[in-house]
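First the structure, then my questions, so here it is.
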2 protein chains.
Amino acid sequence: MEALLNILKKNQLSVTESRKKILELFLNSEGALAHADIEKSTDGSYDRVTVYRTLQTFVEKGIIHNIPTTDNSILYALCKDNCEAGHHHDNHVHFICDVCDKTICLEHVSIPEVKLPKGFTQKQTDVVVSGICDACK
Amino acid sequence: MEALLNILKKNQLSVTESRKKILELFLNSEGALAHADIEKSTDGSYDRVTVYRTLQTFVEKGIIHNIPTTDNSILYALCKDNCEAGHHHDNHVHFICDVCDKTICLEHVSIPEVKLPKGFTQKQTDVVVSGICDACK
DNA sequence: GGGACATTTGCAACATTATTGCAAATTTCC
DNA sequence: GGAAATTTGCAATAATGTTGCAAATGTCCC
Ligand SMILES: [Mn+2]
Ligand SMILES: [Mn+2]
Ligand SMILES: [Zn+2]
Ligand SMILES: [Zn+2]
C-alpha cells in the first residue's frame, strides 16, 4: 500500500482512486496487462476513458512500458528498471505463452546485439519470444 | 503478373480480383503494409471485409507474415523465405523508421539467439528495431 | 478541518476498427 | 457453357479509441 503512494508521488501524480487501483493491479500481476484486462478486473468501477488516460499517463511517466503484439492490442507492464519520465530504458526480453496466454517480462534476459546494415541507426529494440512458459510446461 | 498467379495457384487459392490486387501491392511495396494502407491504395475498390479476409487467408497460407507493433495495428509483409501453410519461418529482423514510418524486412539480418530461463520453450522470436533507416539518414 | 485552486473524472457524442451471417456474384472444373 | 464450390459485398452489430466539457475530487495553504 505504501509502495503505491511512493510510486505516484515520486512521479508527481496526484493520488486518485483509479490510479491507485490500476497501479495495484500491475503490482499484483506477474504478467502484462491489456486495457481490456484492466476493465475486466475493475468491473466497470472506472470509466473506459479514465483507464485509457491513466495508462497513457503511466507510460509517459515511465511507470509502465508497452509491449508490441501481433493482435491489435497493446500490452503494458511495470517498469522495474529505473525508467524516467519520457525516457524508458527497459532492456529485457518479453515472453508470450501460447498456452496460458500470459506475457511475462524476462527481467534477466537482456536484449541481444543486432547488427544493422550500413545507414541504419538503432534507437530501440523489442524482442518478443513466444512458446511455452515454465508454469505451463 | 505471372508471379502473382503462381503464388496464388501454388497455395491453392482461386484467383480473384481482390487477391490479385492486394498481392500485387505487397509485391510492389518495399515495406510492410497495414490494413489501412491497403484500403487507401485500393481506394474503396474492395469492401473492408474482403481486405480483412484476404489478409487472413494470406497469413494462413504463409504468403505474408505479420509484424508486431506497439500502436494497435498489425503490419503485414511478404514472406520471402519459404513459408508454408500453417508454418512460418521468417527468421529476420524488422526495422521501423521513426522518420518515414516505413517498416522494412531486413532479410539479411537474422534473429539472434536468446537464452531463456529454465522451463521456457521457445517457438518463435520477433525482433523489431526502430530508429532511422538508410533512406532517411 | 475548511476553502480556493488545480487536476482528474465521467458522461455523452462521435469516430474508427473489427466481426458475422447471408444472399448475390465470381471462379473453378468438367 | 453450366453445376458446384468459393468468394465477395452488404448490412447489422460489436468492439475499441478520442474529444470537449461540466462535475467531482485532490492538493495546498491557512
Ligand atoms: Mn517488460
Ligand atoms: Mn518480414
Ligand atoms: Zn504459460
Ligand atoms: Zn525512413
Side-chain angles (χ1 to χ4, degrees), chain A residues 1-2 4-26 32-61 63-64 66-76 85 101, chain B residues 1-2 4-26 32-61 63-64 66-76 85 101:
Chain A
M1 198 55 192
E2 272 310 298
L4 278 181
L5 302 186
N6 284 339
I7 294 175
L8 292 176
K9 285 180 180 165
K10 188 168 62 187
N11 288 282
Q12 297 152 323
L13 290 176
S14 45
V15 179
T16 68
E17 275 310 306
S18 45
R19 285 178 181 165
K20 276 192 290 184
K21 181 62 186 172
I22 292 175
L23 185 49
E24 190 184 15
L25 285 177
F26 279 106
L33 300 174
H35 178 276
D37 296 325
I38 293 169
E39 281 212 280
K40 255 175 247 154
S41 304
T42 54
D43 200 32
S45 311
Y46 309 107
D47 193 87
R48 151 179 226 63
V49 179
T50 301
V51 176
Y52 281 118
R53 293 197 270 224
T54 303
L55 289 172
Q56 186 181 307
T57 302
F58 283 2
V59 170
E60 280 165 5
K61 289 294 188 178
I63 298 172
I64 60 179
N66 49 29
I67 302 168
T69 69
T70 195
D71 70 339
N72 265 327
S73 78
I74 305 179
L75 291 174
Y76 302 87
D101 215 49
Chain B
M1 197 58 190
E2 272 310 299
L4 278 179
L5 303 185
N6 284 339
I7 294 175
L8 292 176
K9 285 180 179 164
K10 188 168 64 188
N11 287 282
Q12 297 153 324
L13 291 175
S14 43
V15 178
T16 69
E17 276 309 307
S18 46
R19 284 176 182 166
K20 276 192 290 184
K21 181 63 185 170
I22 293 175
L23 185 48
E24 191 185 14
L25 284 178
F26 279 107
L33 300 174
H35 178 277
D37 297 324
I38 293 168
E39 281 212 281
K40 254 175 248 156
S41 304
T42 55
D43 200 33
S45 311
Y46 310 107
D47 194 89
R48 158 176 220 64
V49 179
T50 301
V51 177
Y52 282 119
R53 292 196 271 223
T54 303
L55 289 172
Q56 186 181 307
T57 302
F58 284 1
V59 170
E60 281 165 4
K61 290 295 187 177
I63 298 173
I64 60 179
N66 49 29
I67 303 168
T69 70
T70 194
D71 71 337
N72 266 327
S73 77
I74 306 178
L75 291 174
Y76 302 88
D101 216 51

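Chain identifiers are assigned alphabetically (A, B, ...) following the order of the sequence lines, protein sequences preceding nucleic acid strands; residue numbering begins at 1 within each chain.
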Exercise. How many Å lie between CG on A/Leu75 and P on D/dT16, as a whole number?
Worked result: 13 Å
Problem set entry | Heavy-atom side-chain proximity of A/Ile74 to A/His35 below 4.5 angstrom | no
Exercise. Does a side-chain heavy-atom distance below 4.5 Å link B/Leu55 with B/Val51?
Worked result: yes
Exercise. Between A/Thr50 and C/dG10, does any side-chain N or O lie under 4.0 Å from OP1 or OP2?
Worked result: yes
Exercise. Between B/Ser18 and D/dT7, does any side-chain N or O lie under 4.0 Å from OP1 or OP2?
Worked result: no
Exercise. Does B/His35 or B/Lys9 map to a spot on DNA chain C nearer the 5' end, using the closest nucleotide for each?
Worked result: B/His35
Seminar exercise, completed: Looking only at D/dT18, D/dT8, D/dG9, the nucleotide nearest the A/Tyr52 side chain is D/dT18
For this session: Write down the distance between CD (B/Gln56) and P (D/dT8), rounded to a whole number of angstrom.
Result: 12 Å
For this session: Would you kindly give the CD-to-P distance between B/Glu60 and D/dT6, to the nearest whole Å?
Result: 14 Å
For this session: Check the distance between C/dT7's C1' and A/Asn11's CG and give it to me in whole angstrom.
Result: 16 Å
For this session: Identify whether any heavy atom of A/Ser45 sits under 4.0 Å from a base atom; if not, whether one sits that close to sugar-phosphate; answer base, sugar-phosphate or nothing.
Result: sugar-phosphate
Problem set entry | Phosphate OP1/OP2 of D/dT16: any B/Asn72 side-chain N/O under 4.0 Å | no
For this session: Answer yes or no: does a side-chain N or O of A/Arg19 lie under 4.0 Å from OP1 or OP2 of C/dT8?
Result: yes
Problem set entry | Of the listed nucleotides C/dT17, D/dT16, D/dG26, the one nearest the side chain of A/Thr16 | D/dG26
For this session: Return no unless some side-chain N or O of B/Ser14 is found under 4.0 Å from OP1 or OP2 of D/dT6.
Result: no
Problem set entry | base_contact_polar (D/dG9 base, B/Arg53 side chain, donor-acceptor, <3.5 Å) | yes
Exercise. What integer distance in Å separates A/Leu8:CG from C/dT8:P?
Worked result: 11 Å
Exercise. Would you say A/Phe58 and A/Leu13 make side-chain contact, with heavy atoms under 4.5 Å?
Worked result: yes
Exercise. So do the side chains of A/Thr42 and A/Leu25 get within less than 4.5 Å of each other, counting heavy atoms only?
Worked result: yes
For this session: Please confirm whether the backbone N or O of B/Ser14 pairs with a side-chain atom of B/Arg19, one donor and one acceptor, at under 3.5 Å?
Result: yes
Problem set entry | Euclidean distance, atom CG of residue B/Asp47 to atom P of C/dA25 [Å, nearest integer] | 15 Å
